[in-house]
*Asks:* 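Below you will find the structure I want to go over with you.
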Amino acid sequence: MIGEIPGVTSGQMFPNRRSLHDAGVHRPLQAGICGTSRTGAESIVVSGGYKDDEDHGTVIVYTGHGGRDPQSEKQIADQSLADPGNAALVTSYLEGLPVRVIRGAQSQSPNAPSAGYRYDGLYSVTSFGSRMGNDGFRVWQFRLEALVLTDQSSAPYSENLPLQPEGAPIQRRLVTTQRVVRNTGFARQVKTWHRDQCQVCDTRLIVPGGTYSEAAHIQALGAPHHGPDIVGNILCLCPNCHVLFDSGAIYLRDDFVVMAGNSEIGPLRLDPRHHIRLAFVQNHRARWRY
DNA sequence: GGGCCCGCAGGG
DNA sequence: CCCTGCGGGCCC
């Protein structure tokens with residue numbers, strides 16, 4: 001289950017890993033990452049298991065799975081993105097999915113609880129990469145930033161994260177969750193049908209961990225457009241074509257020819273399983289007075 | 001405190 | 001079935 005667990009609030013304490021499991025907050029009893037490459041990461045536990053971690057409160061640098069000697073807790077081999085836990089965090093990054101964060105008392109961070117485990121709410125994976133770890137082997141690391149869900153598309157946005165005073169409660173950065181709310185099951189279905197290939201330009205972006213595309217709503221979500229989040233209102237586009245489409249630089253005719261101004265760009269690539277509703281195409285055109 | 005080993009749950 | 005893991009308890 002991705003996202004918040006009903007009945008569990010941020011800041012809630014748990015005595016041990018078994019109780020986290022029983023509440024559904026973090027299901028594995030020992031592993032730090034829960035999830036798969038297909039679904040993304042559900043949750044992570046930050047409890048000092050890897051010395052390359054950094055916990056700045058609203059920002060966490062979390063080290064992936066693998067390469068560690070269970071006895072000495074030292075890295076004895078390079079980590080790999082093929083490790084299922086690491087691959088899950090890549091999917092969370094690519095799809096903008098929220099990750100539950102739990103802090104454990106064993107972490108050295110001032111943000112850690114004094115005993116047991118504390119659920120600290122949802123974070124977003126904002127970047128990832130690899131570097132040489134303290135023990136001389138390659139580690140993969142994921143930057144996570146605290147997320148506050150908001151319906152306000154015009155929510156304040158702070159590019160510079162304030163430094164966290166030691167011991168202070170974790171201040172949450174207010175962010176827009178456009179990418180999160182747009183990664184519904186319907187968006188995923190459309191992207192699966194098109195295998196991440198752009199319906200306008202046929203680009204399929206290859207990135208470490210898989211392929212990438214974006215779900216573009218034809219009639220935009222939210223006020224003032226109020227488009228629905230259904231497959232008939234979604235296109236599978238590359239990021240460039242997504243920007244062009246959302247800004248009205250390109251649009252669709254009723255015969256699904258892609259237009260730029262008065263010029264025909266070419267036919268939209270269609271899939272028989274994916275029925276695009278013309279009402280939304282017409283709404284998109286009207287928005288740009290085409 | 002550290003070392004050891006037994007668990008279980010999840011994922012392939 | 002296999003393997004692995006940001007536990008945890010017990011022993012010294």
Side-chain angles (χ1 to χ4, degrees), chain A residues 1-3 5 8 12-57 59-95 97-123 125 128-146 170 188 208-210:
Chain A
M1 176 164 192
I2 303 284
I5 303 297
V8 176
Q12 192 166 332
M13 297 297 302
F14 296 85
N16 49 38
R17 289 289 295 263
R18 168 61 68 176
S19 61
L20 281 169
H21 167 271
D22 292 346
V25 176
H26 187 75
R27 298 185 295 122
L29 292 179
Q30 192 170 342
I33 306 169
C34 180
T36 67
S37 69
R38 191 178 59 83
T39 60
E42 293 180 26
S43 51
I44 63 167
V45 172
V46 184
S47 62
Y50 287 75
K51 63 181 70 166
D52 296 298
D53 283 2
E54 299 171 29
D55 182 0
H56 306 291
V59 175
I60 294 166
V61 179
Y62 193 75
T63 309
H65 274 175
R68 201 180 66 153
D69 180 40
Q71 264 84 43
S72 68
E73 297 190 346
K74 291 191 172 195
Q75 296 301 122
I76 55 169
D78 289 343
Q79 292 185 340
S80 162
L81 268 195
D83 182 289
N86 303 342
L89 284 167
V90 172
T91 298
S92 298
Y93 167 76
L94 293 177
E95 301 196 10
L97 298 169
V99 180
R100 291 188 297 275
V101 166
I102 299 99
R103 285 186 173 83
Q106 289 187 68
S107 166
Q108 302 300 316
S109 159
N111 300 306
S114 56
Y117 296 87
R118 187 184 63 223
Y119 172 58
D120 277 343
L122 299 179
Y123 281 63
V125 182
F128 71 97
S130 74
R131 67 173 180 85
M132 292 306 284
N134 291 332
D135 290 331
F137 292 93
R138 187 159 295 275
V139 293
W140 285 90
Q141 294 190 300
F142 301 84
R143 178 185 171 97
L144 292 106
E145 300 185 26
I170 290 161
R188 192 173 296 191

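Letters A, B, ... are given to chains in the order of the sequence lines, protein chains preceding strands, and every chain is numbered from 1.
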*Asks:* Sort out the partner of B/dG7 for me: Watson-Crick or G-U wobble, both distances under 3.5 Å, none otherwise.
*Replies:*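 Partner of B/dG7: none.
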
*Asks:* From the options B/dG11, C/dG5, C/dG8, select the nucleotide whose nearest atom is closest to the side chain of A/Ala31.
*Replies:*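 Closest nucleotide among those given: C/dG5.
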
*Asks:* What is the separation between atom OH on A/Tyr119 and atom P on C/dC6, rounded to the nearest whole Å?
*Replies:* 20 Å

*Asks:* So, are A/Arg103 and A/Asp120 salt-bridged, with charged N and O less than 4.0 Å apart?
*Replies:* yes

*Asks:* Within the 4.0 Å limit for protein heavy atoms, which parts of nucleotides 3-8 of chain B are touched? Write it as a string from 5' to 3', B for base, S for sugar-phosphate only, - for none.
*Replies:* ----BS

*Asks:* Give the rounded distance in Å between these two atoms: CG of A/Leu20 and P of B/dA9.
*Replies:* 14 Å

*Asks:* Going by heavy atoms in the side chains, are A/Tyr62 and A/Asp53 under 4.5 Å from each other?
*Replies:*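 They are in side-chain contact.
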
*Asks:* In whole angstroms, how far is the P atom of B/dG10 from the CD1 atom of A/Ile44?
*Replies:* 18 Å

*Asks:* Please state how far atom CG in A/Asp53 lies from atom C1' in C/dG5, giving the value in whole angstrom units.
*Replies:*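 For the pair A/Asp53 CG and C/dG5 C1', the rounded distance is 14 Å.
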
*Asks:* Report the base-pairing partner of C/dC6 (Watson-Crick or G-U wobble, both distances below 3.5 angstrom), or none.
*Replies:*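 Its partner is none (no Watson-Crick or G-U wobble pair with both distances under 3.5 Å).
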
*Asks:* Rounded to the nearest Å, what distance is computed from the NE2 atom of residue A/His21 to the P atom of nucleotide B/dG11?
*Replies:* 10 Å

*Asks:* Please work out if A/Thr63 contacts a base, only the sugar-phosphate, or nothing of the nucleic acid, heavy-atom cut-off 4.0 Å.
*Replies:*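 Base contact.
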
*Asks:* Round to the nearest Å and state the distance from A/Arg17 atom CZ to B/dA9 atom P.
*Replies:* 13 Å

*Asks:* Do A/Pro84 and A/Thr36 come close enough that some side-chain heavy atom pair is under 4.5 Å?
*Replies:* no

*Asks:* Below the 4.0 Å mark, does B/dA9 have OP1 or OP2 next to a side-chain nitrogen or oxygen of A/Arg27?
*Replies:* no

*Asks:* In whole Å, I'd like the distance from the CG atom of A/Asp69 to the P atom of C/dC6.
*Replies:* 13 Å

*Asks:* With heavy atoms under 4.0 Å as the rule, sort A/Gln106 into base, sugar-phosphate or nothing.
*Replies:* sugar-phosphate

*Asks:* Closest approach to the side chain of A/His65, judged atom by atom: which nucleotide of B/dG10, C/dG7, C/dG5 is it?
*Replies:* C/dG5

*Asks:* Judged by atom type as modelled, is there a donor-acceptor pair below 3.5 Å linking the side chain of A/Arg143 to the main-chain atoms of A/Gly129?
*Replies:* no

*Asks:* If you look at every strand shown and take non-hydrogen atoms under 4.0 Å, does A/Gly104 touch a base, only sugar-phosphate, or nothing?
*Replies:*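 Counting heavy atoms under 4.0 Å across all strands, no contact is made by A/Gly104.
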
*Asks:* Might you point out which heavy atoms bring A/Arg100 and A/Gly3 nearest each other, and give the distance in Å?
*Replies:*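 Scanning both residues, the minimum pair turns out to be NH1-O, 2.7 Å.
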
*Asks:* Could you tell me how the ring of A/Phe128 sits relative to the ring of A/Tyr93: parallel (under 30°), tilted (30 to 60°) or perpendicular (over 60°)?
*Replies:*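 Rings of A/Phe128 and A/Tyr93: perpendicular, as their planes differ by over 60°.
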
*Asks:* Within the structure, does a side-chain N or O atom of A/Tyr117 lie under 4.0 Å from either OP1 or OP2 of C/dG7?
*Replies:*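 It does, given that an N or O in the side chain of A/Tyr117 lies less than 4.0 Å from OP1 or OP2 of C/dG7.
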
*Asks:* Minimum heavy-atom separation for A/Leu29 to A/His21, with atom names?
*Replies:* CD2-CB, 3.9 Å

*Asks:* Does a salt bridge link A/Asp135 with A/Lys51, judged by any charged N lying under 4.0 Å from a carboxylate O?
*Replies:*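 Result for this pair is yes, salt bridge flagged.
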
*Asks:* Examine the side chains of A/Ser19 and A/Asp22 and answer whether a donor and an acceptor come within less than 3.5 Å of each other.
*Replies:* no

*Asks:* Does the side chain of A/Ser47 get closer than 4.0 angstrom to OP1 or OP2 of C/dG7 through an N or O atom?
*Replies:* yes

*Asks:* With a 3.5 Å distance limit and no angle check, can you tell me whether A/Gln79 reaches the backbone of A/Thr63 through a side-chain donor-acceptor pair?
*Replies:*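 Judged by distance alone, no pair lies under 3.5 Å.
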
*Asks:* What nucleic acid atoms does A/Asn16 come within less than 4.0 Å of, heavy atoms only: base, sugar-phosphate, or nothing?
*Replies:*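 It contacts sugar-phosphate atoms only.
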
*Asks:* In whole Å, I'd like the distance from the CD atom of A/Gln79 to the C1' atom of C/dG5.
*Replies:* 12 Å

*Asks:* In residues 81-90 of chain A, which ones come under 4.0 Å of DNA chain B, going by heavy atoms?
*Replies:* A/Pro84

